Amino acid sequence: MSYAASNNGPHWSRRVLRLAAPLALGAVVLAAWEIVVRVKEISPYLLPTPSGIAQAMWEHREPLLAAWGVTLTTMLIALAAAVLGGVLLAALFSTSRVLELSLFPYAVTLQVTPLLAIAPLLLIWIHEPRWVMLLCAWIVAFFPILSGTAVGLRAADAGHEDLFRLYGASRWQRLRLLLAPTALPYFLAGLRVSVNLALVGAVVAEFVTAAAVEHPGLATIIFEAQYRSDTERAFAALAIISLTGVVFYFATHLLSGWLLSSRQERRVSSREGGSVAG
Amino acid sequence: MSYAASNNGPHWSRRVLRLAAPLALGAVVLAAWEIVVRVKEISPYLLPTPSGIAQAMWEHREPLLAAWGVTLTTMLIALAAAVLGGVLLAALFSTSRVLELSLFPYAVTLQVTPLLAIAPLLLIWIHEPRWVMLLCAWIVAFFPILSGTAVGLRAADAGHEDLFRLYGASRWQRLRLLLAPTALPYFLAGLRVSVNLALVGAVVAEFVTAAAVEHPGLATIIFEAQYRSDTERAFAALAIISLTGVVFYFATHLLSGWLLSSRQERRVSSREGGSVAG
Amino acid sequence: LENVTLALNWKAQPELGGFYQALADGTYRDAGFDVKIRQGGPQINNRPLLAAGRVDFLIGTNLLQAFDAVKQQTPTRVVAAMLQKDPQCLIAHRGQGYDQWSDLTKAPLLMAATGRYSFFLWMEAAHGFQKRNLRPYNHSLAPFLANKTWIQQGYATAEPMRVEEATGEAPLVFLLADHGWDSYSTVIEAPQAAIDRQPERVQRFVDASIRGWYDYLYGDNRAANELIKRDNGAMTDAQIAFSLKQMKAQGLVDSGEAVENGIGAMRLERVRRFYQKMVDSGLLKAGEIDPDDAVTLQFVNQGVGLDLRPRVAGDQRAAGDK
Amino acid sequence: MTDSDPPEPLVQLQDVGVRYPTGTHALVGLSLDIQPGEFVSLLGPSGCGKSTVLRLVGGLTKATSGRVRRAWDGGPSQDAPVGCVFQEPTLLPWSTVWNNVYLPLRLQSQRRKSARQRVDEALALVGLTEFAKAYPRELSGGMKMRAALARALVTRPRLLMLDEPFAALDEITRFRLNDDLLRLWSEREMTALFVTHSVYESVYLSTRVLVLSERPGRVVDDITVDLPGPRDESVRSTSRYLELCARASDALHHAMGEAPTAKGAAS
Amino acid sequence: MTDSDPPEPLVQLQDVGVRYPTGTHALVGLSLDIQPGEFVSLLGPSGCGKSTVLRLVGGLTKATSGRVRRAWDGGPSQDAPVGCVFQEPTLLPWSTVWNNVYLPLRLQSQRRKSARQRVDEALALVGLTEFAKAYPRELSGGMKMRAALARALVTRPRLLMLDEPFAALDEITRFRLNDDLLRLWSEREMTALFVTHSVYESVYLSTRVLVLSERPGRVVDDITVDLPGPRDESVRSTSRYLELCARASDALHHAMGEAPTAKGAAS
Ligand SMILES: Nc1ncnc2c1ncn2[C@@H]1O[C@H](COP(=O)(O)OP(=O)(O)OP(=O)(O)O)[C@@H](O)[C@H]1O
Ligand SMILES: Nc1ncnc2c1ncn2[C@@H]1O[C@H](COP(=O)(O)OP(=O)(O)OP(=O)(O)O)[C@@H](O)[C@H]1O
Ligand SMILES: [Mg+2]
Ligand SMILES: [Mg+2]
């Protein structure tokens with residue numbers, strides 16, 4: 001009896017389809033875009049063609065790459081801080097309903113306050129624009145993780161709760177061995193949104209602090225290119241942002257799949273199980 | 001045997017605490033704020049006192065109220081569209097993994113694309129600025145609902161799936177009677193984030209399209225007040241945004257509790273059950 | 001009446017007052033136009049609307065963007081320049097040792113995004129300002145007020161007044177135009193197609209706008225100011241008065257070439273000179289475009305509206321010209 | 001392996017094997033016919049694949065080798081000719097007991113009103129009338145299984161599959177439900193496929209008892225129960241009954257590789 | 001109601017009532033002592049409150065009236081003197097079988113290494129050695145319950161509570177586990193509280209059988225099982241054993257408001 005599963009997942013041909021379909025659709029969408037723009041003779045300063053964007057990307061590859069590095073750094077730091085902050089706060093909230101209800105409004109306030117409005121204030125107290133930028137990106141990104149994890153930490157199965165109580169589990173054991181695994185899928189669902197928002201946050205934060213940062217990120221490039229009417233370059237930067245978002249989406253997807261694989265296979269085996277070779 | 005539960009929820013004294021604690025904390029925070037600003041003699045154009053903000057709120061109640069109406073309308077329409085769009089897309093995705101993997105990247109792209117960059121383009125193609133504004137707010141808000149619901153629609157218990165297959169449920173029946181109730185908590189978790197984002201979106205959309213809109217919303221007021229260094233008025237508008245966010249948070253909270261009450265009591269009865277009178 | 005949409009580069013303000021005047025006092029209507037004004041703002045970019053044909057005329061902030069349009073082969077051109085001098089300036093608190101332009105180069109500088117990509121690059125190249133001193137400016141004065149040693153960008157017609165209102169003390173103002181930034185400002189841009197096919201229509205619009213500006217500066221501008229205040233809630237009478245005063249005192253509108261050729265006047269030499277400065281600053285490359293393509297003198301320098309200037313305007317000559 | 005050969009079996013498994021994705025062979029070379037009107041019990045050690053057989057017949061798992069034929073294949077799927085009590089109650093937690101029992105009828109697009117009588121009958125049969133409005137979490141373990149049983153009976157299926165439906169019930173309730181089940185089976189002319197761990201129960205209820213070997217499951221004994229129907233308590237004291245029980249018990253011991261003893265039959 | 005009165009009962013329920021928030025009275029005026037070293041079985045109709053009694057003793061539900069005293073109350077909670085098999089397996093789905101069984105030791109802060117032997121022993125006892133690395137979803141219904149049983153035994157608790165642990169098991173496995181349980185009970189000097197639906201099982205295993213009435217549950221009969229230990233198969237054929245079974249069965253019928261018949265004892 002070997003549990004090192006040999007063909008656990010879906011059949012390989014299905015896997016290929018799953019990879020090929022999005023790529024094929026992507027190709028179709030880009031081709032259609034190219035054709036529409038060319039046939040309708042839409043001028044490149046309004047809507048460039050994908051080929052024009054690709055060309056601009058190649059031409060400006062060096063500043064774009066550097067800018068991507070800046071934005072990516074902000075995004076990743078903000079995301080890490082969002083994960084840390086969101087999870088810790090959620091863990092804190094899980095200890096008491098009253099605490100949760102008392103503090104959640106402040107998290108909501110943070111989330112809904114327009115960055116454009118508070119960036120100047122932050123700048124008064126924090127003189128280093130880089131920190132203001134990170135703080136802004138974090139503010140945008142942390143809420144879904146907090147919210148998701150907070151819900152997940154309360155989703156433990158009643159039977160499991162009983163088990164842990166019966167065996168006199170400490171708070172910490174309950175959190176680590178019961179609540180954390182229970183909350184994992186909820187956390188991951190929040191992460192999926194937060195990854196996007198961290199990217200959005202990095203870009204927005206750069207917009208609101210743009211002038212101040214020495215090394216330009218992608219938002220700066222977009223703004224500058226738009227200001228200078230260089231639509232193709234703006235779209236090149238936009239495309240990099242989109243691609244980054246999509247790559248991170250799939251990375252999170254894979255991470256989810258991997259972390260939850262031991263639980264999800266149930267579905268495979270029960271809904272698609274016999275079909276493996278049948 | 002009556003199932004019209006008499007004392008289903010937590011004890012009333014706990015309920016009072018749950019209401020009182022946040023309010024008490026809020027009072028403490030505001031008082032501390034007031035004291036710090038007064039003692040440190042921070043000038044009102046940097047950080048006004050809560051009392052100053054309240055006063056500004058009262059003084060400008062009419063324009064603020066009108067602006068609130070505008071922003072709230074945008075928010076609510078965007079939220080409704082986010083719910084509709086998110087749920088429909090998620091339902092579509094639930095029919096096929098390949099479809100989901102193929103289309104999700106476009107949802108991600110939409111979400112991560114900076115509004116500041118695409119608003120000008122939208123204004124070219126869509127002549128009515130009001131629509132652009134709604135579209136922007138929708139773009140900001142819809143992703144968490146889509147993402148949450150999509151996960152939820154795949155979370156059905158394997159045993160329940162078997163049951164529905166055995167009894168030859170149609171796609172539609174499975175969606176309505178099995179997947180939808182399963183996805184409900186996930187949808188609500190997404191909603192909780194989307195409510196905030198709809199508000200954020202309404203404000204941001206106004207920033208990026210404001211010039212075009214006839215009746216000013218809260219974002220316009222904030223900008224105006226900041227421009228005139230009327231920090232108190234800016235904070236009054238900010239406070240209204242925050243309060244709106246918090247009220248909607250609690251509303252979503254109550255909605256969740258109500259919709260899920262038939263499932264959640266399990267936890268009450270098993271973890272807190274006997275303690276009702278014990 | 002022909003429908004015409006005019007897109008501004010900012011919210012309604014006295015620095016755009018001539019257009020509101022022409023709208024308010026019927027000058028546009030008399031010229032056969034039903035004009036709709038579309039405001040701009042800090043987060044709003046109306047420029048693509050012009051190329052897309054969604055607006056008929058666009059107000060540009062300076063010539064740099066016109067050069068860029070040529071570079072991107074966007075078929076638009078500057079047809080008139082309403083401000084002879086760019087009101088862009090730097091502001092500093094008094095008593096912080098910023099008495100000279102050259103003292104400013106080391107100070108922390110609050111700069112909005114648009115400035116960072118245009119005149120700041122020139123400041124950097126021509127005067128040695130440094131990127132690492134930059135701080136973001138989002139049109140809230142709070143950071144500047146909170147940090148006395150910081151300086152910030154502004155419009156000579158607006159921010160000084162706002163600072164004075166907040167602190168009770170007028171700040172030091174350094175006009176960029178006085179240090180070599182000699183772009184025209186508040187220029188009217190039009191699509192090439194309109195210039196080619198309906199030159200008469202463009203001419204009518206430019207003339208009416210010019211008349212509007214004369215009337216706004218020298219005539220009864222109350223109706224225009226009412227419109228401005230309606231469109232932009234941040235505007236006050238005091239602010240408007242200050243702006244008007246500054247525009248006159250600094251000779252922003254009616255000076256330079258405008259004195260002889262009327263408001264809106266342009267000279268190719270000045271356009272070329274400014275282009276050279278942009279090349280020197282690295283914003284554009286030498287020979288990349290022909291700066292002459294950015295403008296057309298077809299509609300200006302005709303002395304339109306000179307009759308509306310009061311006689312005493314002669315002493316403006318000294319203030320504006322160099 | 002079976003010795004009956006009327007023209008049209010309701011369900012036919014031919015040399016079926018099931019291998020789960022983890023690599024576990026649950027069934028190997030299992031053949032099995034079920035004729036209309038039979039009451040077939042499956043007896044076998046824990047983990048030998050009984051539930052897997054039910055899943056195969058219900059179309060919930062596909063065989064990895066061999067053939068599964070079902071008489072109703074190709075017909076409209078809406079008909080749901082099968083009813084099933086799974087080993088776990090699988091009640092929908094967000095629905096009341098009444099709605100849970102109503103579910104199969106709802107899936108057949110029956111209106112609530114026209115279904116009311118049948119649902120109420122099914123609930124009465126399992127003694128849950130009083131709890132119609134309760135939610136599953138408010139039920140005890142045995143009550144949940146009874147609700148699941150009511151749900152399986154409410155559609156009056158052609159083939160009723162039961163996976164240890166009575167394991168969580170006290171003997172009295174169990175006996176009563178045994179008799180009710182037998183009555184319904186003969187009244188409604190159903191076919192039944194029944195998994196149980198009680199040798200007595202299997203012999204008492206069935207027309208045929210199949211004993212499965214340890215994993216991977218194969219049929220090691222096929223016992224035709226030739227007790228006369230309608231059966232009642234008196235059957236339990238006949239010598240033929242005890243004989244058949246002993247045979248089934250022996251087969252089970254044999255299947256589990258133990259020497260057959262009097263253990264099973266003696267208690 | 002009980003007739004034993006040694007100085008210090010391990011668990012004492014006095015006039016206990018439990019009313020669930022939905023309004024259901026699960027228990028009313030229940031009194032019950034458990035002495036150290038006893039093996040007490042609870043017999044009773046489905047839904048009468050047996051599981052509720054176990055939850056009370058385990059401290060998982062508070063009584064809405066009356067008093068519950070437990071000998072280990074006030075001691076360090078880390079000790080976990082109680083082991084329990086719930087009616088549902090409640091295995092952690094994200095842990096392997098081995099880790100599920102290890103859990104109670106882990107909660108006592110025992111290292112994986114030092115726990116290895118005990119976990120492996122417990123798995124061997126229930127015959128799941130081969131499936132140590134499997135996840136719960138890869139187990140059959142009976143295998144899940146066996147894993148839960150291993151988990152309850154691994155801590156060597158002072159009080160072992162079992163809620164129908166054998167219901168999903170075939171008779172052979174069941175009998176073997178019955179004997180294993182009896183052996184462990186006497187070896188480890190445990191106290192056991194056992195819920196079952198099998199009258200025979202209850203009498204075979206216990207030193208005392210408590211029969212509960214229908215909901216709300218009260219003790220209607222307290223039968224001291226004076227069969228000699230150590231018990232083995234031979235006990236099952238003694239007349240005292242059959243007599244006690246008959247008495248328990250009668251009490252059960254009585255509790256359910258049926259006339260006692262030979263039904264229970266006869267099968
Ligand atoms: N989803 C699954 N994934 C992997 N293995 C499985 C799965 N379901 C069952 N098995 C394995 O298949 C075998 C047969 O399982 P099945 O549930 O059919 O047994 P069973 O006869 O019903 O047992 P029980 O009487 O204990 O319910 C078991 O060994 C089990 O480990
Ligand atoms: N969480 C709950 N909420 C409300 N009522 C409950 C809950 N749990 C149990 N009950 C009710 O309490 C009564 C006793 O339940 P309990 O689970 O103790 O029965 P039991 O004797 O274990 O039955 P079984 O043999 O069927 O498992 C039942 O009538 C049930 O409806
Ligand atoms: Mg089974
Ligand atoms: Mg129970």
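For the numbers below, each heavy atom of this structure counts, side chains included, while hydrogens, waters and symmetry mates do not. Quick caveat, the model's predicted, so the values are computed rather than measured. Within every chain, numbering begins at 1; the chains are lettered A, B, ... in the order of the sequence lines, protein sequences first and strands thereafter.
With rounding to the nearest 0.5 Å, the separation of OG1 in E:T22 from CZ in D:R137 is 8.0 Å. Once rounded to the nearest 0.5 Å, the distance linking CD of E:Q87 with NZ of D:K144 reads 7.5 Å. Rounded to the nearest 0.5 Å, atoms OH (D:Y200) and CD (E:E171) are 6.5 Å apart.
Both the backbone and the side chain of D:S198 come within contact range of chain E, each with at least one heavy atom under 4.5 Å from a heavy atom of that chain. For a residue to count as touching a neighbouring chain, one of its non-hydrogen atoms must lie under 4.5 Å from one of that chain's; by this rule E:R146 touches chain D with the side chain only.
At least one donor-acceptor pair closer than 3.5 Å links the side chain of E:H197 to the backbone N or O of D:A168.
With sequence neighbours left out, the side-chain contact (heavy atoms from CB on, under 4.5 Å) criterion links E:V28 to E:H25, E:P216. Partners of D:P165 by side-chain contact (heavy atoms from CB on, under 4.5 Å), not counting sequence neighbours, listed by chain and number: D:V85, D:L149, D:L162, D:F194. With sequence neighbours excluded, the residues forming a side-chain contact (heavy atoms from CB on, under 4.5 Å) with D:D120 are D:W98, D:R116, listed by chain and number.
With respect to chain D, the highest number of heavy-atom pairs below 4.5 Å among E:S140, E:S237, E:A26, E:G127 belongs to E:S140.
Residues of residues 42-54 of chain E lying under 4.5 angstrom from chain D, judged on non-hydrogen atoms, are E:G44, E:P45, E:S46, E:G47 in numerical order.
By the 4.5 Å heavy-atom criterion applied to side chains, E:E138 and D:T24 are not counted as neighbours.
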